[in-house]
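Notes follow the structure.
In the text below, chain A, chain B and the rest are named by the order of the sequence lines, each starting its count at 1. Bear in mind that the values here come from a model prediction, so they are computed numbers and not experimental data.
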Amino acid sequence: MKDISTKLLVIGGGPGGYVAAIRAGQLGIPTVLVEGERLGGTCLTIGCIPSKALIHAAHEFERAQHQAGGSPLGIRVQSPSLDIAQTVRWKEGIVHRLSGGVGALLRKAGVQVVKGWAHIEDGKTVRVEPADGEAVRVRCEHLLLATGSAPVELPMLPFGGPVVSSTGALSPETLPRRLVVVGAGYIGLELGMAYRKLGADVAVVEAAQRILPGYDEELTQPVLDALERSGVVLHLGCSVQGYDAQHGVRVRSARADEFALPADRVLVAVGRKPCTTGFGMESLQLDMAGRFVAVDAQCRTSMRNVWAIGDLTGDPMLAHRAMAQGEVVAEVIAGKARRFEPMAIPAVCFTDPEVVVVGRTPGEARAAGLDCIDAAFPFAANGRAMTLEATKGFVRVVARRDNHLIVGWQAVGQGVAELSAAFTLSIEMGARLEDVAGTIHAHPTLGEAVQEAALRALGHAIHI
Amino acid sequence: MGIYAIRVPDIGEGIAEVELVTWHVQPGDVVAEDQSIADVMTDKATVEIPSPVSGKVLALGSSVGDTIAVGSELVRLEVEGTGNLKENSAPAPVHQTQTAPVSIAKIEPPAATPARAAPPAERAPAPAPAPLRASTAPRGNAIVARAAGERPLASPAVRQRALDMGLELRYVHGSGPAGRISHDDLDAHAAAGGQVQSQGPAGYAERHGEEVISVIGLRRKIAQKMQESKRRIPHFSYVEEIDVTELEALRARLNQLHGATRGKLTVLPFLARAMVLALRDFPQINARYDDEAGVVTRYAGVHLGVATQTDGGLMVPVLRHAEALDLWACAAGIASVAEGARSGKAARDALSGSTITLTSLGALGGIASTPVINHPEVAIVGVNRIVERPVLRGGQVVGRLLMNLSSSFDHRVVDGMHAAQFIQAMRALLETPALLFVE
């Protein structure tokens, strides 16, 4: 067996692992990265990027259909059709290009990439077994675990055949006629809406009484309206009992009625679980925080020189959190003083309309004992939104009453994902309402709603 | 709108200069009539200077720590009406009688420090980049006002720099809106010797860094007084042990009997009483010596200086006519003047005119001390801790409560024998406390 020695060994080539490896390489730390599949991890290969590609394709197809039906803008097109195989090939092209780009960045940073599945022998030794070829033993001073997460499987709906996870849903060979989505969280709704736009009949089953249970109702109402308008059927407060090809998905309602939802494909999107088993991590006996690996503000685990980042370490399971942690770890190993202590981590839900949450919602601020004011500015009063036919939704700001320090932003509407940059920056910089209100926002843009929300919280919005 | 200059007022007692201790306003602030704008310190007391008019602060004339002459321009205000200065007129130079640690005058270009010598014709066209300061308050050692558990507010770059510098942001004062910490705040904190976070178990880590602290305000006064006392007065010290067993028994009994109604007694009023009685026979010890005039003034009344530790440093408020006070009045008087000094509310008169001083380090232990005479007095009596010790009495070892008095005298006017006799007289009174009440 071939032996390699290095200072830093990263297990997992997802957004956390590859960012840590690139940064470590930049800092001159000899680094080896082990990845069993494609570089880029869930985010790049089976998550964020391909899902956004599919959502975009679905959006474009729906728009073409909309125009074929007679658009108020005066555009007329012939009845469009969809070649889903070509859509998937296009999406794969993007993934391929990005994954290749990550490989190039790692090479440029001097990181050695070892293809294969890692198995931890001890805190300083990892055996890597490639699908073909000789196994490699890597000895390291620092071991960084960045193994990510995997979709949760329901026991009564095991993955296989027509029952797919988000991964399977992102590479459909054909379009289902009737899709049942189990779970009305952001993954289920993003993909469910995309499939609906691509032409499938979509039903969503959710155990909670509302969609996107992580967000407040005011924020999710425009999404609920859009789901209803688009013809997605919601079964809230219902649990799934099982599936058979003949009847479809068996569902039990809150009143204990049972009914079946016919389906030729079922997407199970009920959450993700950290990947903590199957690669020998148990042998390290690391301290855990529930099902996650416990880490401190520098992403150190309970074992010296063993580090963990990303989905493995808890919520929010978001790529940008993992990336930021990866940078912190590389720099700490390089001897710099660093901590992972963001003021806010933005979360975006790419439904249509999109939902953005940064910092605290009014309810969370109240629960934290803060005396806050909040104000929303509707896109219905925003000129740019009208020209985009995107007047649904609003921007909301939450600020402390005593000193107007902004503690949270929420928005729902078309394209609001891009506002997350302004939201997060204002919170990290410690902006007050007056700071945002006093900043000139370009006209005509959706961003004007950001300034107007701040003005409204101060009691003098101009355009409402 | 006019310009109004507020000058350091004549605060009486022939005081010619004051030290600027605190600013209560900053450029841009709006002040109301009678609002306090600054605290200045005279020889004895801190005095608030109120604004005689309402207006907006344009500039400050001095830095904290500067010594400024009475009549110097302190603050310039923009006021309704005409004011007392012509607009654009060159400000009166701030007349500093001592070189302050950070003198504004020093960093001004020569053309701007102008003034008295220059003929008016030359001065007039100068646009006067005023030697008045229009900067913000000193930040380095300002108080951090942040609720427990609240995260300090700072941009990511400031947070990162604090980490690199090894500074804990939660100890840094934020001067920005909502208490936001800026790079400048961080610099000021670091310059003031900011609290550096420890890296791991720090018991044996090397420590670096120096902290320069300006000796200003009360501390400067204390330093000057002590130096003056030690330089001018040839001290000698005398230490005697006193058996206070009976005194303590009496004190406990009196507190038991009258504590609830008349207040609890400490040892100090008994000492004051013993001192008052003993001084009747040693008038040369209750005196002040003007060595320049060559005159010793002996006083009939005992104006007892009570050395008092305050937040700012040592002060000596005065209990007047201690000879006329009974134990409880004396106890109340001591408590009252000490509280006045600690709260900073003591009037100038309450801090001057003592004829002899009593200083107590009793609570802090110590066998003996060498107190420094409060110039121009000639004696100071220091009290050490009461301890229970085994003592031989009639061949028997018995436990007694013993206390040392450590006293210093001005050897120019008090002979050693008289000093010893004075302390022995006090001892006799304290060891037989009934004598304290015999007239």
Side-chain angles (χ1 to χ4, degrees), chain A residues 23 27 296-298 300 304 320 323-324 327-332 334-346 358-360 365 368-373 398-408 421 424-439 454 457-458, chain B residues 26 28-30 136-137 139 142-190 194-202 205-209:
Chain A
R23 186 70 189 119
L27 292 164
D296 67 9
Q298 290 183 311
R300 297 174 191 271
R304 189 180 167 81
H320 42 267
M323 291 179 179
E327 264 190 275
V328 166
V329 170
E331 299 198 351
V332 171
K336 295 176 184 290
R338 294 291 181 271
R339 277 188 224 148
F340 179 70
E341 286 178 332
M343 294 295 283
I345 301 175
V358 183
R360 288 175 161 144
L370 290 176
D371 182 17
C372 281
I373 45 177
V398 186
R400 281 172 54 145
R401 192 182 304 278
D402 57 353
N403 57 15
H404 293 176
L405 183 72
I406 295 170
V407 299
T424 317
L425 185 67
S426 74
I427 291 180
E428 286 292 347
M429 296 296 289
R432 300 195 304 165
L433 291 171
E434 288 83 349
D435 295 319
V436 176
T439 300
L458 291 169
Chain B
Q26 290 299 320
D29 289 357
V30 174
T136 53
R139 279 176 289 210
I143 296 161
V144 179
R146 200 169 286 130
E150 187 177 332
R151 283 179 71 178
L153 192 60
S155 74
V158 171
R159 300 205 298 265
Q160 188 54 66
R161 210 168 132 241
L163 267 178
D164 290 339
M165 293 164 77
L167 293 171
E168 281 281 9
L169 271 185
R170 63 199 158 106
Y171 298 122
V172 182
H173 172 74
S175 65
R180 191 186 308 154
I181 300 165
S182 68
H183 285 285
D184 286 349
D185 292 329
L186 207 54
D187 290 337
H189 182 75
Q195 183 160 349
V196 174
Q197 83 183 82
S198 61
Q199 298 275 354
E206 282 186 17
R207 286 162 204 275
H208 301 277

Problem set entry | Smallest separation among heavy atoms of A/V436 and A/A431, with atom names | CG2-CB, 4.5 Å

Exercise. Does a salt bridge link B/D164 with B/R159, judged by any charged N lying under 4.0 Å from a carboxylate O?
Worked result: no

Problem set entry | Qualifying residues under side chain to side chain donor-acceptor pair (under 3.5 Å), relative to A/D402, sequence neighbours excluded | A/R400

Exercise. Partners of B/R180 by side chain to side chain donor-acceptor pair (under 3.5 Å), sequence neighbours excluded?
Worked result: A/D435

Exercise. Based on non-hydrogen pairs under 4.5 Å, which of A/K336, A/M343, A/H404 is most in contact with chain B?
Worked result: A/M343

Exercise. Side chain, backbone, both or neither: which part of B/A154 has a heavy atom under 4.5 Å from chain A?
Worked result: backbone

Exercise. Measuring heavy-atom distances to chain B, does A/E434 have an atom under 4.5 Å in its side chain, in its backbone, in both, or in neither?
Worked result: neither

